[in-house]
Amino acid sequence: MALLNIQHLKVYYPVRGGFFRRVVDHVRAVDDVSFSLNKGETYGLVGESGCGKTTTGRTIIGLIRATAGEVLFEGTDLTKLRRREFHPYRKDIQMIFQDPYSSLNPRKRVLDIVAEPLRNFERLSPHEERQKVQYVLERVGLSAESIYKYPHEFSGGQRQRIGIARALTLNPKLIIADEPVSALDVSVQAQVLNFMKEIQQEYGLTYLFISHDLGIIRHMCDRIGIMYRGRLVEEGTSEEIFTNPQHIYTKRLLSAIPNADPRERGRQEALRREVEKEYEQSYSRYFDENGRAHPLKPISPTHSVAIP
Amino acid sequence: MKAEISGPTPVGANIEKSPSAFSIMWREVVRDRLALGSLIILGILLAIVYGVSLFLDQEEIVKVDFLSIYSPPSAEHWLGTDYGGRDVFGQLIIGARNSFTIGLAITLITGLIGLTIGLIAGYFGGWIDNVIMRVIDFILVLPFLMLVIVFVAIVPKYNVLTFILIMSAFLWTGKARLIRAKTLAERELDYVSASKTLGTPDWKIIIFQILPNLSSIIIVNLTLNLAGNIGIESGLTYLGFGLPESTPSLGTLVSYATNPDVLQNKWWVWLPASLLILVMMLCINFIGQALKRAADARQRLG
Amino acid sequence: MAKQTLLEIEGLRVSFRIGDDYYAAVDDVSLAIGENEIVALVGESGCGKSALALSIMGLHPPEKTKIEGRLHFKGTNLLSLSVAELNRIRGKEIGMIFQDPLTALNPLMTVGRQIEESMDYHLRLSAAEKKKRTIGLLRKVGIPEPEKAYHRYPHELSGGMRQRVVIAIAIACEPALLIADEPTTALDVTIQAQIMGLLKELQRQMKTSVILITHDLGVVAEMADRVAVMYAGEIVELADVDAIFHRPLHPYTRSLLQSIPSAQTKKERLHVIQGIVPPLHKLPRHGCRFQPRIGWIGADKHEEEPKLREVEPGHWVRCTCYEHFYFPDDQTVGGIGYGAS
Amino acid sequence: MLKFILRRILIMIPQLFLLSVLIFLLAKAMPGDALTGQLAANPKMDPKTLAEMKEKLGLNDPVHIQYIRWVKNMLHGDLGLSYTHQQPVTDLLAGRIGNTVLLSAAILILTYLIAIPLGIVSGRWTDTWADKLIIGYSYIGFATPLFIFALIMLFIFGFHLGWFPTGGSVDVQVEEGTLAYYLSKLNHLMLPALSGALINTVITIQYLRSEIVDTKVKDFVKTARAKGVPERHIYWRHILRNSFLPIAAFLGYEITGLIGGSVFLESIYSYPGLGQLFLQSIMQRDYSVVTALVMISGLATLVGTLLSDIILSAVDPRIRIE
Amino acid sequence: SDTTSGKGNNNEKPAAQKEDTSKFPMTVKNDGKIIDGGVLKYGLVSDTPFEGTLNRAFYQGEPDAEVMQFFDESLFRINSDYEITNDGAATYELSKDKKTMTIRIKDNVNWHDGQPVTAEDLEYAYLVIGSKDYTGVRYGDALIQGIVGMEEYHSGKANKISGIKVIDKKTLTITWKQANPSVLTGIWAYPLPKHYLKDIPIKDLAKSDKIRKNPIGFGPFKVKKIVPGESVEFVRNDDYWDGKPKLKGVILKVVSPKVILQAMKKGEIDVAEFPTDQYVNAKGTKNIQFIGRIDLAYNYIGFKLGHWDAKKQENVMDNPKFQNKKLRQAMAYAINTQEVADRLYHGLRFPANTLIPPSFPGYHDNSIKGYTYNPEKAKQLLDEAGYKDVDGDGLREDPNGKKFKINFLAMSGGDIAEPLAKFYMQCWKDVGLDVQLVDGRLAEFNSFYDMVKKDDPKVDVYAAAWATGTDVDPYGLYGRNVMFNYSRWVNEKNDELLEKGHSEQAFDKEYRRKIYSEWQQLMNEEVPVIPTLYRFSILAVNNRVANFTVDPGSKLTWKDVGVTSEQPEVEQ
Ligand SMILES: Nc1ncnc2c1ncn2[C@@H]1O[C@H](COP(=O)(O)OP(=O)(O)OP(=O)(O)O)[C@@H](O)[C@H]1O
Ligand SMILES: Nc1ncnc2c1ncn2[C@@H]1O[C@H](COP(=O)(O)OP(=O)(O)OP(=O)(O)O)[C@@H](O)[C@H]1O
Ligand SMILES: [Mg+2]
Ligand SMILES: [Mg+2]
């Protein structure tokens with residue numbers, strides 16, 4: 001059974017205008033998206049900026065209200081829950097944020113940051129609390145004395161690990177990682193990615209991994225969903241997407257990635273031109289008259305594409 | 001990697017190393033010679049004012065003595081007397097105490113109101129914000145001076161307390177707007193989202209997460225405001241709506257200068273008070289500027 | 001490399017004032033840019049790439065910066081020029097593309113005006129000619145409906161479009177040298193691909209030289225002729241693009257290449273460079289600056305005062321430690337407890 | 001654009017309504033009424049006549065009736081009758097408003113004339129002696145009460161040096177409409193306007209300075225320098241225009257300040273305007289005038305903020321007003 | 001600055017008793033030759049603009065009256081007791097029963113537009129004031145309401161006033177219901193130019209341009225131009241009935257009291273009523289002279305003895321607190337008015353002894369000593385009355401041994417108000433009385449009268465002032481049925497004396513003098529109010545001005561005023 005099952009999720013932001021600033025239109029940030037996550041896997045959500053990745057992630061964790069659709073977590077529809085009722089699920093779903101600078105309160109010591117969820121869910125004596133915090137911190141590779149430091153005393157990668165430690169304290173089942181490394185330098189990026197993989201194994205975590213960097217997605221994810229303007233255009237295993245892309249948008253995305261081998265320069269350029277041509281020619285085949293993708297259709301048990 | 005739980009580190013050792021908002025500000029003030037000088041001068045001034053005023057009898061000072069009207073500075077009256085033969089020096093000290101207390105009280109009250117309302121409006125947004133902002137917009141278009149005058153005419157008992165309350169009723173809006181804007185910005189930061197996803201209740205997020213991050217802005221704003229609020233009653237006194245004379249204030253002394261004779265020939269009545277206001281405002285301002293730099297990492301001296 | 005040298009950087013040192021002292025963010029950089037070539041500057045954040053670029057343009061605030069060394073551009077030392085003299089070169093001879101298209105454009109000026117502005121000072125053109133040329137430029141950088149775009153304000157354009165405008169500004173007077181400081185970092189991959197294509201196209205057409213600053217090795221691989229790898233203000237390796245990717249020498253270059261996940265091939269594990277780039281005021285001033293991050297290579301393997309040395313024609317490396325470098329097997333998650341500033 | 005203005009005006013209506021209720025209730029709560037002053041002045045007055053007059057003025061009606069009548073009349077452009085001036089408030093204001101508007105406009109213009117160059121000098125050449133001098137001036141100006149400053153100005157330039165007239169808005173002997181008339185008006189205006197502006201301007205100077213300091217390190221300024229734009233054009237075209245935006249946004253509130261300042265200036269310079277009228281009316285409990293004046297200044301502020309928004313949208317393309 | 005009304009609504013030049021004027025001359029000294037075509041600059045000293053209701057029937061503020069003195073005047077001139085004489089533009093005659101007055105306007109009296117001033121013009125003035133559409137305050141005057149047929153006209157039952165008859169073009173008679181000697185001081189003798197104003201409905205008169213912008217009168221100068229609220233330019237009325245004025249014109253300008261001294265020194269102003277609080281600084285100024293007179297006003301301290309019964313229109317004396325005369329007397333003895341006059345007012349005020357000021361030389365009883373400062377006497381009286389300090393705190397308790405606290409209401413405004421109030425309280429404290437300010441502060445003018453008028457129980461004692469007007473009759477301030485009797489003191493002897501004071505018999509000046517002398521003695525004995533100070537009002541005059549006087553007995557008027565040099569004298 002899927003740990004998380006998203007069904008026809010829609011999130012619209014109102015656009016106000018007109019004389020009385022009434023809602024005149026909506027931004028369809030997420031427009032009918034369905035996918036599911038199995039326990040222990042990493043599901044990657046990729047797409048261009050503004051295609052609705054963040055909105056999807058934040059809706060799942062309850063930071064944004066869904067306009068329609070269901071978010072079934074272990075069978076419970078989270079979108080129907082009231083604030084109170086949602087509370088216990090917070091333990092199970094946690095989030096890693098993009099910016100390790102703004103996601104840690106600069107005025108709080110590491111101890112307070114990491115202990116925050118403990119204080120909300122468990123009643124621990126200060127001593128127990130500190131022990132537990134030190135334990136998780138050491139798990140993420142930070143020394144025990146760091147608990148009395150402030151976030152600005154850490155490097156970006158270390159900060160991201162503090163964020164991860166905070167998400168881990170409650171032993172969550174699902175972690176939503178929204179571009180967890182895009183604010184980090186290449187070398188630090190590797191650190192965090194390696195680490196995320198390690199703890200996944202250790203804790204049996206499930207990741208919803210959001211990124212626009214296909215290299216990282218390929219490195220991290222088992223299955224991938226490609227998003228375009230609030231919809232999924234293709235979904236499949238990592239291999240399928242990278243070696244056998246079906247949707248023209250996927251192909252375009254893949255061809256745009258620079259090739260890290262200078263000798264491949266010419267070929268890459270040619271490929272790009274070719275895809276671009278196809279994109280222009282067959283645009284209407286892949287998108288409806290509003291420029292929106294069609295619903296997904298399975299072409300293999302694991303691979304689905306949005307074609308009419 | 002093997003986890004080894006090491007014993008908890010003693011708390012004290014590391015704590016000073018972590019600069020809080022206050023220690024950053026303190027450092028900045030100490031580093032800026034002007035600000036440090038201002039702080040020292042202000043401290044001495046306040047110590048004198050509050051200290052000496054303990055030994056002064058307000059009743060005695062505001063006692064009318066027709067035998068020594070407008071006497072120039074002398075050994076008996078260090079700063080001469082005013083038209084009621086009252087000792088200007090005593091009035092200056094008590095007036096400074098009153099004015100500073102008034103300024104401080106207004107600053108704190110408006111700060112508290114502005115903070116509460118600004119935080120609520122900024123954090124919750126939506127209709128709450130809308131309503132609050134409309135109210136603030138409304139208060140901002142009110143002709144402040146005119147309404148204060150009307151209020152002063154209405155209140156049955158007009159004393160320091162009512163004065164503070166009337167002024168505060170109008171002056172909180174600016175702070176509320178500032179705090180709201182900052183809260184709005186702060187609310188968008190991920191640490192707030194993080195707290196939400198960690199199940200922290202809203203009120204805790206507001207007080208324990210957002211508020212500390214606004215502390216430097218608040219301190220700076222309050223400091224600079226304090227400078228403005230010290231002389232706040234002088235204008236009203238000039239118009240005849242200031243504090244009663246039995247409550248000496250710097251504003252009262254300054255506004256004696258509207259009598260052209262005093263302005264031209266009796267400098268001891270109004271000049272010391274004017275200078276005192278100036279010095280206090282400048283000192284607070286300089287400290288405020290240093291704090292402002294401390295709050296803005298880009299401008300920090302080091 | 002038989003091409004003529006356009007810009008020659010010699011022993012450049014750029015220092016910033018912090019408190020009462022000056023700290024060098026760029027140190028002992030020597031680099032020659034030939035005509036019509038693309039030289040990439042790569043390195044982690046904070047290693048001095050932008051500082052180098054801005055010093056070529058003379059854009060550092062003079063009261064806070066000290067620039068030593070020489071910058072020979074077409075035979076004149078840029079550092080000895082007055083602002084007025086520099087203004088004759090800036091925009092005309094050297095163009096610059098900034099990283100963030102959101103902030104690099106004046107929000108109150110139309111796109112057309114901002115492009116025309118550099119022509120005002122460098123070219124004697126009538127208003128109509130300027131407009132024509134500007135629209136031509138807009139078309140050249142691939143903006144649809146350039147006539148309309150001419151009258152647009154920056155906020156009316158998307159990020160990709162804005163970056164194109166920034167490029168149009170930089171090439172308005174067909175400069176001999178283009179400095180592009182992370183021109184694609186803020187953009188989506190598809191748009192990045194377009195911008196890369198555009199830059200290359202322009203470079204081919206106008207025969208300009210380009211200094212391309214980036215930390216994306218993929219971009220380097222696709223664009224550059226030569227690559228200078230910077231670390232902590234120094235160039236640690238300088239070579240042809242092919243040599244850098246296929247025969248990297250310096251430990252830093254090699255580590256970087258190993259730490260990047262690639263969409264083309266799947267790596268099981270990424271290499272982790274331990275520690276962080278030290279902040280400016282904590283940079284080691286002596287010895288090999290990379291030494292703290294490769295702790296398993298003994299101190300004796302490093303030079304005392306490492307110099308950039310040509311180890312094969314056109315391939316320069318700093319410090320001898322590259323000869324001893326190897327990737328350790330027992331990689332940990334990264335330096336525990338290290339790096340608190 | 002029109003739509004925007006219309007909407008803003010619609011928003012103004014409830015604000016004005018609230019203001020009217022507030023000020024009306026306050027006026028009613030104030031001790032004394034328009035007749036109090038008369039009593040004291042006219043001891044031979046017979047109480048019956050007094051009651052009769054009170055009735056005639058409608059002062060005996062219930063408050064809400066008085067309010068409705070007041071609002072109704074106001075909507076018809078009738079602000080009531082000034083009791084002490086024996087004149088419709090509208091006429092009374094019409095006679096005075098010109099002066100206040102003139103004075104305020106002059107102060108505003110002078111404020112900007114002073115603030116802009118000083119702010120620029122100080123923002124551009126920070127930490128120079130000129131900057132320090134300007135900052136010093138702005139601090140001292142901030143700490144100096146307007147009324148003291150105005151008095152000192154009056155004594156120095158009006159009496160001691162005799163450069164300017166010391167009261168009134170125009171010489172009575174000059175023929176209306178002639179050049180001499182306008183010169184005389186200007187001559188009378190200079191001193192109060194200058195006093196107001198010299199104090200008023202310090203906040204704008206500080207504001208402008210910090211805006212310039214902030215703007216000059218922005219990326220687009222670097223872009224402009226990279227284009228080879230000479231320094232003075234960098235300032236004019238790029239830094240200053242952007243720095244002026246927040247000042248334009250301030251205009252509305254500036255107007256509130258001017259109204260407050262006019263109370264002081266007009267009474268010191270015997271300049272017959274609304275500020276002076278307000279003081280006089282509040283002393284004499286001439287409520288129709290007081291309420292009308294408060295309403296007008298509220299309205300002026302609202303119009304001022306509207307104006308700010310319009311100006312802002314004119315100079316800032318990011319703010320589009322449909 | 002601490003009075004209620006400034007100078008009352010009189011415009012006539014009040015006289016001062018000769019012996020009191022030693023401090024100031026009443027007429028300027030200037031032996032120079034008056035030049036032809038001089039223009040005088042008159043300063044209207046005021047914080048605020050003049051309202052500009054330039055009509056006798058409608059104006060309310062004193063500044064307007066100051067403007068009007070140049071172009072409009074009463075038909076009658078007056079003597080030093082403010083009684084009308086036959087020297088003016090009209091003459092009068094009283095009937096035997098003293099109820100009817102016949103007024104004859106001289107033939108050469110013309111309005112500024114050349115039309116003659118007629119009997120109908122005077123009648124029109126009464127018709128306007130009596131009209132129910134009338135918006136001014138003059139109808140409240142008892143002398144106007146006392147005209148036969150006035151009430152009928154006012155209520156709309158008649159369209160003429162039966163008591164006013166136009167005999168011919170220049171003659172009319174006015175008949176009152178009762179004979180009252182006050183007509184000699186209080187008769188309304190300001191005609192309105194009917195031909196000029198009749199087309200304007202009465203309710204719109206006050207706001208009409210004919211009154212506000214182009215007013216006409218028959219005075220020595222014509223209005224040439226008005227800058228509303230701030231200045232007026234007058235030119236000579238060559239057709240003035242009393243001969244051609246010596247000045248070619250007058251420029252009147254509003255001057256703030258804060259700068260008047262400077263303006264006088266610079267010669268920007270030739271003549272101005274001078275604010276008394278600046279007199280000390282002005283004293284030595286070389287280029288100006290001061291002339292003065294005693295005001296028709298006095299300051300007093302009143303005791304709240306009862307309340308006003310509005311239904312019965314009667315004062316009821318029911319407040320026990322100050323019923324003991326000795327207590328009141330003691331409080332009067334306790335205050336050192338001489339010190340106040342000398343120190344605070346620099347001699348521009350002097351201690352008052354009775355409730356009729358010396359500006360009524362015919363009625364002021366100088367033999368009454370009043371309550372000169374005598375704290376010992378005060379203490380003695382208090383002891384006698386049983387107010388003793390029983391608990392030894394230095395403050396006296398009431399006869400029952402309870403704390404005795406007196407609440408004192410004083411008015412704010414001006415520099416002197418606060419120390420003055422403080423001083424009185426200190427004086428009382430010196431004799432052992434615990435006096436506190438109501439609400440701990442000075443009351444602003446409006447609140448002050450609000451509290452006094454409504455007999456607010458918070459108020460025990462209040463310090464106020466009355467302007468008497470030119471009518472000596474004190475009934476309007478102390479009568480049983482008079483609301484303005486703020487102390488609410490009632491007394492049968494008082495009723496009787498006041499009644500006699502304005503009876504037909506009182507047309508006999510000697511009789512009237514005797515009655516009022518008796519009344520002054522009664523008030524002195526009973527002290528429902530303590531008269532505290534009389535005041536001078538002074539004018540500053542540039543040395544170039546000649547023939548300027550404040551002496552009502554003098555024959556000099558504005559027509560005679562001239563200047564002796566082109567330029568005013570300037571202080572070096
Ligand atoms: N609060 C909001 N109000 C209105 N529109 C919004 C809001 N947040 C996001 N949007 C819009 O919704 C769309 C999806 O935004 P979202 O942030 O989910 O995209 P994303 O894929 O995460 O992009 P990025 O890669 O830039 O983070 C965008 O068009 C965005 O402009
Ligand atoms: N104006 C300045 N004052 C002080 N230090 C500065 C200044 N500009 C840059 N630095 C410091 O100089 C070093 C090099 O900065 P630079 O901006 O050149 O790095 P970069 O390689 O361009 O990094 P990025 O990839 O983040 O742009 C950094 O440590 C930075 O903090
Ligand atoms: Mg996102
Ligand atoms: Mg950079």
Side-chain angles (χ1 to χ4, degrees), chain A residues 46-51 138 140-146 149 152-158 161 181 184-195 197-198 212-220 238-239 242 249 252-265 268-269 272-273 276, chain C residues 44-46 158-159 184 187-194 196-197 200 215-224 227 240-242 244-246 252 255-277 293 331-341:
Chain A
V46 215
E48 277 178 90
S49 172
C51 68
E138 287 182 20
V140 302
L142 293 170
S143 65
E145 62 264 28
S146 342
K149 290 186 179 169
H152 71 93
E153 297 174 66
F154 295 90
S155 71
Q158 287 172 321
R161 282 194 244 160
V181 294
L184 303 176
D185 245 325
V186 273
S187 59
V188 186
Q189 197 172 308
Q191 228 181 67
V192 173
L193 292 179
N194 284 350
F195 173 67
K197 277 196 155 184
E198 275 166 31
H212 61 247
D213 186 324
L214 285 152
I216 294 170
I217 287 283
R218 178 163 205 189
H219 178 73
M220 292 296 290
S238 190
E239 271 323 290
F242 279 94
Y249 178 70
R252 192 165 175 249
L253 210 56
L254 292 175
S255 74
I257 309 166
N259 196 325
D261 185 351
R263 292 173 186 168
E264 297 287 317
R265 246 185 227 191
Q268 186 75 14
E269 236 173 271
R272 219 171 268 163
R273 259 198 299 278
E276 202 60 29
Chain C
E44 278 174 275
S45 183
S158 71
T184 59
L187 305 174
D188 274 328
V189 261
T190 46
I191 298 163
Q192 166 173 299
Q194 290 165 11
M196 284 191 313
K200 244 200 282 193
H215 55 242
D216 187 332
L217 288 171
V219 172
V220 176
E222 286 209 5
M223 299 276 294
V227 182
D240 280 349
V241 66
D242 194 68
I244 287 285
F245 281 89
H246 292 281
Y252 182 58
S255 308
L256 265 190
L257 286 168
Q258 283 305 307
S259 67
I260 299 165
S262 144
Q264 280 82 19
T265 51
K266 183 146 181 156
K267 294 176 190 156
E268 247 335 290
R269 255 195 107 58
L270 300 172
H271 172 70
V272 171
I273 307 175
Q274 295 193 353
I276 54 163
V277 182
R293 301 187 72 177
Q331 273 223 346
T332 56
V333 176
I336 292 174
Y338 175 88
S341 58

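Every chain is numbered from 1 and lettered A, B, ... according to where its sequence line falls, protein lines coming before strand lines.
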Legend entry - Q189(A) CD to L270(C) CG distance, which is reported to the nearest 0.5 Å: 8.5 Å

Legend entry - Pairs of heavy atoms under 4.5 Å with chain A: top-ranked of G46(C), A193(C), S255(C): A193(C)

Inset, instruction - For each of L187(C), V189(C), T190(C), L257(C), tally heavy-atom pairs with chain A at distances under 4.5 Å, and name the one with the top tally. - result: T190(C)

Inset, instruction - Check each atom of Q258(C) against the heavy atoms of chain A and say whether the ones under 4.5 Å are side chain, backbone, both or neither. - result: neither

Legend entry - Nearest non-hydrogen partners of P261(C) and L193(A), listed with the distance: CG-CD1, 4.2 Å

Legend entry - Contacting moiety of M223(C), where chain A heavy atoms sit under 4.5 Å: backbone

Legend entry - Proximity breakdown for Q192(C) and chain A, heavy-atom pairs closer than 4.5 Å: side chain

Legend entry - Minimal non-hydrogen separation, A260(A) against F245(C), with atom names: O-CD2, 3.2 Å

Inset, instruction - Of all the heavy-atom pairs spanning E222(C) and P258(A), show the shortest one and how long it is. - result: OE2-CA, 3.0 Å

Inset, instruction - Find the one option among V219(C), L217(C), D242(C) whose heavy-atom pairs under 4.5 Å with chain A are most numerous. - result: D242(C)

Legend entry - Considering all heavy atoms, the nearest H215(C)-V186(A) contact: O-CG1, 4.2 Å

Legend entry - Nearest-0.5 Å distance, CG of residue D213(A) to CD1 of residue I260(C): 10.0 Å

Legend entry - Closest non-hydrogen atom pair between R265(A) and V220(C), with its separation: NH2-O, 4.0 Å

